[in-house]
Amino acid sequence: MTAQAIPFRGNADIGRLLDDGAYTTMQKVVVFLAAMSIVMDGFDGQLIGFAIPLMIKEWGITRSAFAPAVAAGLIGMGIGSACAGLFADRFGRRMAVIASVLVFGSVTCAIGFAPDVLTVAALRFVAGLGIGGALPSSTTVTAEFTPARRRTLAVTATIVCVPLGGMLAGLFAAEILPAFGWRGLFMIGGSFPIALAVILLFTLPESPRFLARHPARWSELGKLLGRMNRPMAADVTYSDAAEQVVEKRAGFGALFSGGLAGDTLATWAAFFMCLTAVYSAFSWLPTMLASEGLSMAVAGSGLTAYNLGGVVGALVCAVAITRFGSRWPLVLCCAGAAASAFALQTLNVGRDTNLLIFGFGVHGMFVNAVQSTMYALCAFMYPTSVRATGTASALAFGRLGAILSAFAGAAVITAGGATAYLTLLGSAMVFAMVALLAVRRHIPKRAVLLRPSQAATATN
């Protein structure tokens, strides 16, 4: 029998087992499943952006009249983000992920039967509860199954699945809209996450760090660790020494204790401004391009390019953060996002179409680099007992910016066209940069060696 096959006895520190141990195939499968839930989140969440021009035309309404329907979905996302984090920290990450995916898949299908914009608004609100809940729950699963040395890249690779899902939604919409219309887009698009929810029900395990905090579930934890090539004796006790040192109180109030208050507020502000920019693109970019006289195919390709750039930018930024820490990569990406938005104002929309689409790809690269890697920043800032709550609260506050974009996007397109719209995108990222400069607990260089309790020293 090899040393690896000998069951561990005594007290097992779950933090050391996960952070210092091997990154097994089983752990990678779990991260893949979490990532797939985010792919579906981005996919279903962005279908509305491709459908809006056709829905406005069919029902004979204005862009401003449709704004409340967009806002309703974003309000649902904000509530879902906040509630899912609390649910996941109290009852477990597994069911939070599964329930979220099932809700937004089922309700997205139902949107295909909507008779008017009011019904769309109501259904988008419910779908938003699931879409908002999937992000914090899935990123927490990824963070807690991944060794510290690979966590930033793993969390970012999970979050980058939002623009990846949006890119797939663009390709999907290009095929489905001409053949089945916007109703078919929602009915077919919603069936994919329903199928994924069934798969997750049978394959997704609970987080080992969550199980370690519930002695009644230690036998389940032992079996899970065995599947992760870390065999445990039946009488092992579990702790998480490094994180429990800084876990003085659980719940929402812990986000403002232990020196976290300033970083929590700054991170919330960064999420607010970044999501204002992101959802101004997700919800209104095809509509803005169509209003400038471009065809629906070209207008849709603008959002697809935005998402494609986002996939590339987020992964590159994650690698940079792993090497250089999070402060300057995030700040530089904010600056790049603002500069690219303002530079696009110099183009002639009708004449420089290809360059315009490329420019939106560059802008999406910088914006999504910031948005995606901020989840890794939250995973570093907060200990296990409030990690899902901390991530969810930042996202929930950020959703207020997304809600603002529902009305601001429609208003600026109507009032000032492309120039005003691009000013909105660029200005939001300037404010996001200022907020991120104010964060003290940035991921340091080689964050693998540091715990949250050490972060203040490393970043002072």
Side-chain angles (χ1 to χ4, degrees), residues 40-81 99-134 162 165-166 168-197 279-288 290-291 296-297 299-300 303 399 402-407 409-411 413-414:
M40 291 294 99
D41 180 290
F43 182 88
D44 271 27
Q46 292 190 46
L47 290 179
I48 190 74
F50 298 98
I52 285 175
L54 295 177
M55 298 167 88
I56 288 175
K57 183 178 179 180
E58 178 177 322
W59 289 329
I61 58 177
T62 64
R63 286 186 291 270
S64 297
F66 205 92
V70 176
L74 297 170
I75 292 170
M77 291 180 196
I79 296 173
S81 296
S100 296
V101 174
L102 184 61
V103 166
F104 73 69
S106 301
V107 181
T108 296
C109 282
I111 293 174
F113 299 95
D116 51 44
V117 69
L118 181 62
T119 305
V120 172
L123 292 173
R124 281 291 295 175
F125 173 80
V126 180
L129 297 175
I131 293 171
V162 173
L168 294 175
L171 299 174
F172 178 75
E175 298 296 326
I176 297 299
L177 284 175
F180 301 100
W182 66 265
R183 295 183 185 277
L185 184 74
F186 287 111
M187 284 186 270
I188 300 172
S191 65
F192 297 136
I194 294 174
L196 177 63
Y279 277 92
S280 292
F282 286 173
S283 299
W284 296 112
L285 180 53
T287 302
M288 185 278 290
S291 73
M296 280 301 303
L303 184 53
R399 296 293 189 194
I403 294 166
L404 171 65
S405 75
F407 298 98
I413 293 170
T414 301

For the residue pair T414 and A410, what are the closest heavy atoms and their distance?
OG1-O, 2.9 Å
Going by heavy atoms in the side chains, are M55 and R183 under 4.5 Å from each other?
no
Does any part of the side chain of F180, heavy atoms only, come nearer than 4.5 Å to the side chain of M187, both counted from C-beta?
no
Interatomic distance, CG@L285 vs CZ@F50, rounded to 0.5 Å, equals 8.5 Å
So, taking the atom named CG in L54 and the one named CH2 in W59, what distance separates them when rounded to the nearest 0.5 Å?
11.0 Å
Nearest 0.5 Å, please: how far is CG in L171 from CZ in F43?
9.5 Å
At their closest point, which heavy atom of G130 faces which heavy atom of S100, and how far apart are they?
O-CB, 3.3 Å
For L185 against A173, the heavy-atom pair lying closest together:
CD1-CA, 3.6 Å
Of all heavy-atom pairs linking D41 and A134, the shortest is OD2-CB, 3.5 Å
Exercise: identify the closest heavy-atom pair between P286 and A281
CD-O, 4.0 Å
From F113 CZ over to L123 CG, what is the distance, rounded to the nearest 0.5 angstrom?
11.0 Å
Atom NZ in K57, atom CD1 in I52: separation rounded to 0.5 Å?
16.0 Å
If I compare all heavy atoms of I131 with all of G45, which pair ends up nearest, and what's the gap?
CD1-CA, 3.8 Å
So does A411 get a backbone contact from the side chain of R63, meaning a donor-acceptor N/O pair under 3.5 Å?
no
Heavy-atom distance under 4.5 Å between the side chains of F186 and D44, does that happen here?
no
Qualifying residue, where the test is side-chain contact (heavy atoms from CB on, under 4.5 Å) with V70 and the options are W284, Y279, F407, F282
W284
Below 4.5 Å, heavy atoms only, C-beta onward: do I194 and C109 meet side chain to side chain?
yes
pair I176-F172: side-chain heavy atoms closer than 4.5 Å:
yes
Taken to the nearest 0.5 Å, the spacing of L303 CG from M288 CE works out to 11.0 Å
Note, F192 side chain near T108 side chain (heavy atom, < 4.5 Å)
no
